[in-house]
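Here's the structure, in structure tokens; my notes come after.
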Amino acid sequence: MKTVRKAVLPVAGLGTRVLPGGKTTPKNLLNVFDRPILAYVVAEARAAGIEHVVMVMGRGQGAIEDYFDRHVELESHLEARGKTDLLETLHAELPRPGEMSFVRQMAPLGLGHAVWCAREVIGDEPFAVILPDMLMDANPPALAQAIAAYEAVGGNVVVVEPAPPGEAHKYGIVALGEPAPGFAGRLNRMTGMVEKPPPGTEPSNLFISGRYILQPDIFAILSAQEAGAGGEIQLTDAMAKLMTVQSFHALQYDGSTYDCGDKLGLLRATVAFALKDPELGGQARAAVAALLKG
Ligand code: UTP
């Protein structure tokens, strides 16, 4: 079985739900508490053993490349003032030279198209996909849990979680088969998946929530560039095709997810991460309580 060494992070979406916030700052560089969303997910990928991250970018997103590069002027400034803690924090977030690639999607034609744009950098090996909007707070990290599942069962693995009550019809929902041994009923073979099933027809309440381990055969399917729901090239359509010839498993990971793709999700994530910050958590709690009192 080949190891999962590379991860694709599609960040080229237009982010209309967070406008005007994401107009000039790419959506995934918006802050959750004290750092951009992308800083959390790149840290998750590295903690899961990923050696190379491929960002799939859109126009005007050069600030993402700058965020993951040295900032020599700022570093000398901090160094001259003895701010070594801050310097270390900045350095800890950086990939080593050559560990991150950037490809352009050129037009936001859908998530499937974005993943396909990474094909040359991924090559012929299994790879991870992380949807950066879905911030997952977990120990071990969500992607590490997905990789552990992949190492047990092979094939393709997607992370799933329960949709909010009555909202399953808004998501890509999975149908489950038998459980895999050793995962306490949290890892099941998938027998199907359906994008936005009409209410009442959902095969389960579990939706595909933003971490995938995929075999490179997905690229040949995506290269047909067939548009699906909303006129977009959908990753779920390509996965459904791949499922006819390869195994898929669904993992219910252990952790908390914050959907930062809309304004309230960003707020929820910011408050949650502020409250658990070792240094400022107490003051954050007092500030939130004071606001709620009015
Ligand atoms: P979303 O469905 O959240 O779309 O994409 P979006 O465009 O970012 O946001 P809204 O709906 O307009 O507010 C899920 C992930 O897939 C990426 C997005 O950047 C996001 O991380 N994506 C989506 C692409 O990279 N390219 C696309 O063509 C579509």
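For the numbers below, each heavy atom of this structure counts, side chains included, while hydrogens, waters and symmetry mates do not. Every number for a ligand or one of its atoms is a count from 1 in the order of the listing.
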What's the verdict on ring-ring contact (aromatic ring centres under 6.0 Å, His included) for Tyr171 and Phe207, showing C-alpha distance, side-chain angles and the deciding distance? CA-CA 6 Å; Tyr171 296 94; Phe207 75 100; 4.1 Å; yes

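Closest to atom 3 (O) of ligand 1 by heavy atom, among Arg17, Lys263, Glu232, His113, is Arg17.
Note: no N/O pair closer than 3.5 Å links Pro132 and ligand 1 by distance alone. Remark: ligand 1 and Val56 share no N or O pair separated by less than 3.5 Å (distance only, no angle test). Close N/O approach between Gly13 and ligand 1 is found [any backbone or side-chain N/O within under 3.5 Å]. Annotation: Ala12 places an N or O atom under 3.5 Å from an N or O atom of ligand 1; distance criterion only. On a distance-only criterion, Gly110 and ligand 1 share at least one N/O pair closer than 3.5 Å.
Contact check on Glu51 versus Lys6 returns no salt bridge, with no Lys/Arg side-chain nitrogen under 4.0 Å from an Asp/Glu carboxylate oxygen.
The nearest protein heavy atom to atom 22 (N) of ligand 1 is closer than 4.0 Å.
Side-chain contact of Gln145 with Asp254: a donor-acceptor pair under 3.5 Å is absent, judged by distance alone.
Using a 4.0 Å cut-off between heavy atoms, Gln105 contacts ligand 1 through its side chain alone, with no backbone atom that close. Residue Leu109 touches ligand 1 through its backbone alone, judged by heavy-atom distances below 4.0 Å. Within the 4.0 Å heavy-atom criterion, the part of Lys27 lying near ligand 1 is the side chain and not the backbone. Only the side chain of Asp133 comes within 4.0 Å of ligand 1, counting heavy atoms alone; its backbone N, CA, C and O stay farther away.
Ligand-side atoms of ligand 1 in range of Pro108: 28 (O), range being under 4.0 angstrom from any heavy atom. Using a 4.0 Å cut-off to heavy atoms of Ala114, the atoms of ligand 1 that qualify are 24 (C), 25 (O), 26 (N).
For atom 16 (O) of ligand 1, the nearest protein heavy atom (residue, atom name, distance) is Leu111 CD1, 3.6 Å. Remark: minimum distance from atom 7 (O) of ligand 1 to any protein heavy atom is reached at Leu14 N, 2.9 Å.
Residues that satisfy the side chain to side chain contact (heavy atoms under 4.5 Å, CB included) test with Thr25, not counting sequence neighbours, are Leu29, Leu30.
Among residues at least two apart or in separate chains, side chain to side chain donor-acceptor pair (under 3.5 Å) pairs with a member in residues 37-47 are Glu44-Arg211.
Screening Val160, Asn188, Ile173 against Ser204 for a side chain to side chain contact (heavy atoms under 4.5 Å, CB included) leaves a single residue, Ile173.
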